[in-house]
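Just so you know, these numbers come straight off a predicted model, no measurement behind them. Residue indices begin at 1 and follow the sequence shown.
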Amino acid sequence: MRIKGIAALLTAALVITDGRMVLGGKVHGEELAALPWADLTDELLSSTVFKDTSPIDFVAECVPEFNKLLDNIRPTQHNLVDQPSGLCMNQLYCAFKSCNPMANEEDKTLQERWDTYLPYGTEQNRQKWVNANNTSYNLPSQVLFPKFAGDAAAAVAFAKEHNVEISIKNSGHNYAGASTKKDTLLLNMNQYKPYASDDGPIECETLQSTEMQNDLSNQACMLALARGKSATIRVGGGENFDKVYRALKAFNDEQLDGYKYHMVGGAAGTVSPMGWSWQGGLGGTTAGRMYGFGVDQVLQIEMILPNGRHVRFGPTAWEDDSSFLFPKTTQVSGVCNDNPSEEDESMWTWKACPEDIDFAGLWYAVRGGGGGTWGVVLSAHLQLHDYLPLELIPFPTTQFRNPSCGIDAPEALLRASWGFMIDFLLNPSALSLSDEESNSCGAPSNSPPALFCYGKGSGDVFVSAWKKFLINKNQTLYSEGVPYEMINKLVTGVCALPVIKAARDYTDLILARTGEFAGKAEDTPPPSLPSGNEKSNNFLVPKKWVLENRDVAINLFMLGGESAYYAFGGNTAISYDQCSSLSDGHRDAGFMFFATQGDYIDIYRDFVPGMYDVTTSNFPGIIGSNHAGPNNLGPLKSDWTKGCPVDWTQKERESKCIPQQEAIYGSVTLARLEAIKEDIDPMYMFDCYKCIGNNREPDNKNTGNNQEPDKSGSGRLDFWGASTNLLCVSLAALIALW
């Protein structure tokens with residue numbers, strides 16, 4: 001391997017044009033293709049793959065898997081993720097700009113687009129859309145599959161020298177299509193070193209030193225021990241949950257005394273911790289309500305920054321806070337490796353960085369501020385928890401549709417069922433249950449609706465509470481038109497809820513038993529043509545509002561309770577280090593609700609004003625990042641009680657409605673994140689769709705944005721009126737918000 005040295009990594013991002021030095025100005029089209037790419041490939045590991053790509057590759061390699069849907073055959077991301085071009089997405093239409101195969105028809109309203117391409121569109125239109133000549137494609141023209149840190153460092157150095165934009169992909173699952181972009185160098189991390197698969201859990205109980213090492217080699221374990229956890233697992237930048245879950249399961253299977261560890265992770269095996277975690281990470285299937293969001297499991301991060309530095313960083317000082325389950329971070333430190341081109345990691349030399357790097361700002365921004373925008377994440381240490389057995393219980397409402405029950409549930413029974421769910425998940429004392437018993441259970445938004453409960457007898461607790469609830473309420477239910485016979489069926493008869501204890505852990509539950517990918521964790525949901533949330537918006541329903549407006553909340557549950565996401569409430573508001581960028585709305589939510597775009601207008605009018613303060617100048621964070629689709633915008637900038645109309649074009653919607661980023665993070669947190677982005681990546685080398693800073697003014701798209709963030713829709717920023725951890729806010733953010 002030929003080494004250009006650190007100077008190449010840190011070269012200034014200047015372009016000489018007609019004798020003038022121009023800041024920014026990303027290379028596009030033919031100029032991008034004409035760059036001296038051999039200079040990059042000379043720096044790579046000999047086995048590292050670099051490819052020129054085009055939509056022709058996408059049509060040949062990716063489209064056939066999606067065509068299975070037309071024949072009612074279930075496609076799988078396992079067939080897409082390893083395709084040679086690295087271009088495949090989990091949703092076909094997300095290979096196009098804004099997940100829209102008609103993006104070049106800018107005069108079409110959102111509703112007109114839906115009428116044309118949902119659910120699949122006509123055969124004639126599909127052939128037109130997937131044609132390689134469709135100018136709506138949003139695919140990179142060069143793809144690199146880094147295998148170790150030196151490959152990623154060389155890519156960033158090359159991009160910096162030649163003003164090339166970089167996009168990042170692991171699994172291609174992002175609902176808004178953030179992991180693909182035209183005229184970029186795509187780093188597809190799928191072939192990167194698989195630390196979890198190779199090494200398994202790292203047990204910290206044998207830690208030799210109680211002092212923090214200068215190279216931070218023991219930092220992750222020291223933080224885990226301070227949190228009362230005895231093990232971590234290092235996950236590579238290309239490992240998805242299928243690989244990590246199976247690595248942990250293999251370790252547990254080898255233990256003579258039984259299973260030892262559990263991890264909080266995503267529902268789908270083909271989802272990546274490197275995208276899922278940075279957006280928050282909803283652990284509805286893996287005890288997230290007990291242990292916190294995915295972002296709260298992160299102990300240390302290893303990255304290549306936009307300036308080319310290879311860094312690792314994490315908290316190095318903390319203090320106990322009785323109000324929280326985890327210690328409060330009081331100091332974040334980082335170190336730099338000056339020889340990332342060395343393939344043997346034992347030869348890496350971690351030491352103080354030669355320049356100041358805002359590691360506290362990065363720790364705050366990366367953990368919750370989205371993936372693909374802060375640099376290239378090479379690995380992360382995640383905390384593990386003590387093993388608890390898994391028990392599954394169907395939602396009570398599912399029994400009303402059970403053919404063997406013969407129950408046509410009256411509205412009173414449905415409302416009572418959702419009232420019970422509210423109490424069990426958010427107000428367990430009303431059922432004479434403890435918080436611990438409630439927090440052990442959660443649920444994803446997938447079908448069929450079921451609770452995933454952790455701990456021996458945890459499912460029995462739920463079922464017993466449900467039966468007791470029905471018995472205590474049977475007179476009231478009867479007076480409201482529910483026959484005693486129906487109640488008895490639900491308590492002791494054929495409709496009584498079962499407790500399913502067939503799986504030892506979540507991995508055991510989702511491993512495919514037969515077929516081409518037997519032994520791998522299934523992808524749930526499977527690939528689709530449109531984005532998984534193309535037509536639906538999510539919003540975060542505050543726990544406090546649910547408890548204070550019980551009857552109104554039940555109305556929401558009646559509309560879509562079985563498709564809501566129950567990874568909130570419980571300990572999620574207190575299972576963190578008080579230094580992440582998730583919004584208050586995310587932390588304080590009781591659940592995540594999904595509504596179609598048409599319904600969303602009524603929700604903004606009828607529900608959101610009571611849930612959030614919409615009278616201030618700062619828009620609150622009310623959308624969850626993990627399931628935000630390409631059309632998931634906030635309300636009108638001019639009136640926060642009116643949803644963004646679907647009979648507007650995309651240009652109109654983006655001009656007149658609160659941007660998705662602001663609707664996710666809220667005005668204040670978004671401004672902090674934008675300031676950190678400007679500080680860490682002023683040239684916007686990383687500028688993924690719907691990511692931090694991507695909604696800056698068009699004139700600044702190629703040059704970075706050195707202006708105050710545009711908040712024309714939400715007024716001034718009341719920074720000092722917000723709850724703030726100053727450790728986690730960079731100096732740049734403080735200046736911007738002053």
Side-chain angles (χ1 to χ4, degrees), residues 77 89-91 94 99 168-179 240-241 264-289 291-298 365-373 377 380 382 442-446 452 523-525 528 531-534 536-541 563-570 572 575-576 580-595 621-634 660-661 663-666 669 673 688-692:
Q77 178 70 3
M89 302 291 287
N90 191 58
Q91 297 97 25
C94 284
C99 296
I168 307 286
K169 180 191 289 182
N170 179 297
S171 65
H173 255 279
N174 186 276
Y175 283 111
S179 57
N240 56 23
F241 279 115
V264 175
T270 50
V271 165
S272 161
M274 297 304 152
W276 178 84
S277 301
W278 313 137
Q279 292 181 280
L282 306 183
T285 58
T286 53
R289 296 184 67 249
Y291 297 127
F293 296 116
V295 71
D296 304 322
Q297 315 307 311
V298 180
V366 175
R367 296 181 320 119
T373 192
V377 177
L382 309 179
S445 60
N446 298 332
F452 294 70
D523 47 350
T524 305
S528 59
S531 169
N533 287 329
E534 166 72 29
S536 68
N537 284 334
N538 80 70
F539 73 99
L540 301 167
V541 181
S563 62
Y565 215 119
Y566 301 97
F568 302 83
T572 57
S575 295
Y576 75 114
S580 77
S581 47
L582 291 183
S583 70
D584 290 342
H586 201 106
R587 289 285 176 194
D588 297 335
F591 63 94
M592 177 190 286
F593 189 81
F594 295 86
I622 67 172
I623 290 175
S625 179
N626 280 102
H627 286 256
N631 307 307
N632 211 162
L633 301 179
Q660 182 177 112
Q661 295 91 327
I664 289 173
Y665 297 103
T669 297
L673 291 171
C688 46
Y689 183 62
K690 299 293 186 183
C691 296
I692 299 299

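The two residues Tyr175 and Ala628 come nearest to each other via the heavy atoms CB-O, 3.5 Å.
Listed by chain and residue number, Phe324 satisfy the ring-ring contact (aromatic ring centres under 6.0 Å, His included) test with Tyr576 (two or more places apart in sequence, or in another chain). Scanning for side chain to side chain donor-acceptor pair (under 3.5 Å) contacts around Ser536 gives Asn533, with sequence neighbours left out. For Gln279, the side chain to side chain donor-acceptor pair (under 3.5 Å) criterion is met by Ser625, not counting sequence neighbours. Legend: residues meeting ring-ring contact (aromatic ring centres under 6.0 Å, His included) with Phe594, ordered by chain and number and at least two apart, are His627. Under the side chain to side chain donor-acceptor pair (under 3.5 Å) criterion, Asp523 pairs with Arg74, Thr76, not counting sequence neighbours. By the ring-ring contact (aromatic ring centres under 6.0 Å, His included) test, Trp276 is found to be paired with Phe241, residues two or more places apart in sequence or in another chain being considered.
The distance from the CD1 atom of Ile622 to the CG atom of Asp584 is 13.5 Å, given to the nearest 0.5 Å. To the nearest 0.5 Å, atoms CE (Met592) and CG (Asn626) are separated by 6.5 Å.
Judged by distance alone, the side chain of Gln660 and the main-chain N or O of Asn632 form a donor-acceptor pair under 3.5 Å. Checked by atom type and distance alone, the side chain of Ser272 never pairs as donor or acceptor with a backbone atom of Ser171 at under 3.5 Å. A distance-only check finds no donor-acceptor pair linking the side chain of Ser575 to the backbone of Thr572 [under 3.5 Å].
Gln77 has its side chain within reach of His173: a pair of non-hydrogen atoms, C-beta onward, lies under 4.5 Å apart. Side-chain contact between Arg367 and Ser277: absent, with no pair of heavy atoms (C-beta onward) separated by less than 4.5 Å. In this structure the side chain of Phe568 reaches within 4.5 angstrom of the side chain of His586, judged on heavy atoms.
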